[in-house]
Every structure is written in C-alpha cells, then in structure tokens.
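The structure displayed is predicted, hence computed values, not measured ones. Numbers for residues simply follow the sequence, beginning at 1.
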Amino acid sequence: MSDFDMDEYGTFEYGLKTGDLPEKEIVKIFEKALSVIAGEIDDPRIPKKRKLRKSTGPFGRSTPDAEPPEYDHIYIYNHGASNLFLQLYPNQEKNGRVKFPMEGIVWNLYFTILQGYPGKVSQEDRIQEFGGRVMQELFRTLPGEKVLIKKYAPGEDRL
C-alpha cells in the first residue's frame, strides 16, 4: 500500500521498505512533509518547530509483559497543538531482535491521527486536516513500499 487516505483517523503501524536510503534522508523527507503541509494550512496553532525529535530512550514496552525494546534512538513528532503523533523506529533492535519479520522492512512508522482535534475556530478552519495531509504527503514523497502492519482498534494494545 503506498497511499494514505487523508480522511482516515486512528492509530496505524506501517513497515517501510526504504532499501539503502540513508537515515538522514528519511528524516529530511519527514520534516519536509511536516513543513509543506504546515505552510499550506498556515495556522499559528501548528508549532513552528517541525522537526522530528531524536530520542535515546528509555523506551516503553508495547504491553506490560513485553520485553523493552533496545534501540540506539528513535524519532518522535508530538506537539499538543496538532492532531498528529508519530514514531519512526528501526525494524531491527541493537540486540538483533526484529519487530516485523516481513522481508525488506527497514523502518517502522507508528502514528495516530486524532479526529476532531484541535477544535475548529470557524467553518473554514483547516487545522484538523494537518495529520492526514502530512501522512498523505509523506506517503507520496517517501520512496519505497509502505506496508500496513496494523490499524489499531480504539484501546487496542500496540504490537
């Protein structure tokens, strides 16, 4: 699957088959998608800092009984004024453990797009389009196959 419907809301996990595309280039593509859509929507509630934050951990467990993941780092985008939360993390941990065994997956993308958030200030307000449009732009510009691993039901535990 290489397209994302900008009108979809919820929580998703994708495997990204990016081949040998360098990590730095992948991050640039993410940050460009954030900036392009923020510029098009042009709303002061969208934070000016449109960078992925590099986190070195500690990393939480997906479920209470799961082994904690071991990564050198992951990337996070999360600003309270937008309806988008995302994590970009390697498919293979430092210890060699692989999250999703499907051949060719190099990175994993976990993201949530909140419906109806933040509140609109007028009928013409486009702030709630931000998350869906960013993901649509990202899927359009990021090379390689994007494989839907899971669309989570509300309250469902993460894989």
What pairs with D72 under side chain to side chain donor-acceptor pair (under 3.5 Å), at least two apart in sequence or on another chain?
-> none
Determine, using the 4.5 Å side-chain heavy-atom cutoff (strictly less than), whether V98 and Y71 are members of one ILVMFWY cluster.
-> no
Any side-chain heavy-atom pair of P69 and Y89 under 4.5 Å | no
With E93, which residues qualify under side chain to side chain donor-acceptor pair (under 3.5 Å), at least two apart?
-> R97
Roughly how far, to the nearest 0.5 Å, is the NZ atom of K32 from the CG atom of L142?
-> 13.0 Å
Rounded to the nearest 0.5 Å, what's the gap from CG on L86 to OH on Y110? Could you check?
-> 11.5 Å
Residues in side-chain contact (heavy atoms from CB on, under 4.5 Å) contact with S55, at least two apart in sequence or another chain | F59, I74, I76
Y14 vs W107 side-chain heavy atoms within contact, under 4.5 Å = no
Compare all side-chain heavy atoms of I149 with those of I105 and state whether any distance is below 4.5 angstrom.
-> yes
Any sub-3.5 Å donor-acceptor pair from K99's side-chain atoms to N108's backbone N or O?
-> no
Report the residues that fulfil side chain to side chain donor-acceptor pair (under 3.5 Å) with R158, sequence neighbours left out, ordered by chain and then residue number.
-> Q87
In a table with atom names and distances, give each donor-acceptor pair under 3.5 Å that connects a side chain of residues 150-157 to protein atoms at least two apart or in another chain.
from: K150; atom 1: NZ; to: E156; atom 2: OE2; distance (Å): 2.7
from: K151; atom 1: NZ; to: E8; atom 2: OE1; distance (Å): 3.3
from: Y152; atom 1: OH; to: E13; atom 2: OE1; distance (Å): 2.6
from: Y152; atom 1: OH; to: L159; atom 2: N; distance (Å): 3.0
from: E156; atom 1: OE1; to: A153; atom 2: N; distance (Å): 2.7

Any side-chain heavy-atom pair of V121 and I127 under 4.5 Å | no
Among all residues two or more places apart in sequence or in another chain, which pass the side chain to side chain donor-acceptor pair (under 3.5 Å) test with D125?
-> R45
Mind checking what makes ring pair (Phe, Tyr, Trp, His ring centres under 6.0 Å) contact with Y9, not counting sequence neighbours?
-> none
Under 3.5 Å, which donor-acceptor pairs do the side chains of residues 15-29 form with other protein atoms, sequence neighbours left out?
from: K17; atom 1: NZ; to: E103; atom 2: O; distance (Å): 3.1
from: E23; atom 1: OE2; to: H73; atom 2: NE2; distance (Å): 2.5
from: E23; atom 1: OE2; to: Y75; atom 2: OH; distance (Å): 2.5

By side-chain contact (heavy atoms from CB on, under 4.5 Å), which residues pair with Q128, not counting sequence neighbours?
-> K120
Side-chain contact, heavy-atom cut-off 4.5 Å: F30 with L109?
-> yes
Hits for salt bridge (charged side-chain N to carboxylate O under 4.0 Å, His left out) against E31, two or more places apart or cross-chain, chain-then-number order -> K51
Cluster partners of Y117, using ILVMFWY side-chain heavy atoms under 4.5 angstrom, listed by chain and number?
-> L114
Can you name the residues that form a salt bridge (charged side-chain N to carboxylate O under 4.0 Å, His left out) with E129, not counting sequence neighbours?
-> R126, R133
4.5 Å side-chain heavy-atom contact, I113 and F130 = no
For N91 and V106, what are the C-alpha separation, side-chain angles and deciding distance, and is it a side chain to side chain contact (heavy atoms under 4.5 Å, CB included)?
-> CA-CA 5 Å; N91 193 40; V106 179; 5.9 Å; no
So do I37 and I46 actually touch side chain to side chain, heavy atoms under 4.5 Å?
-> no
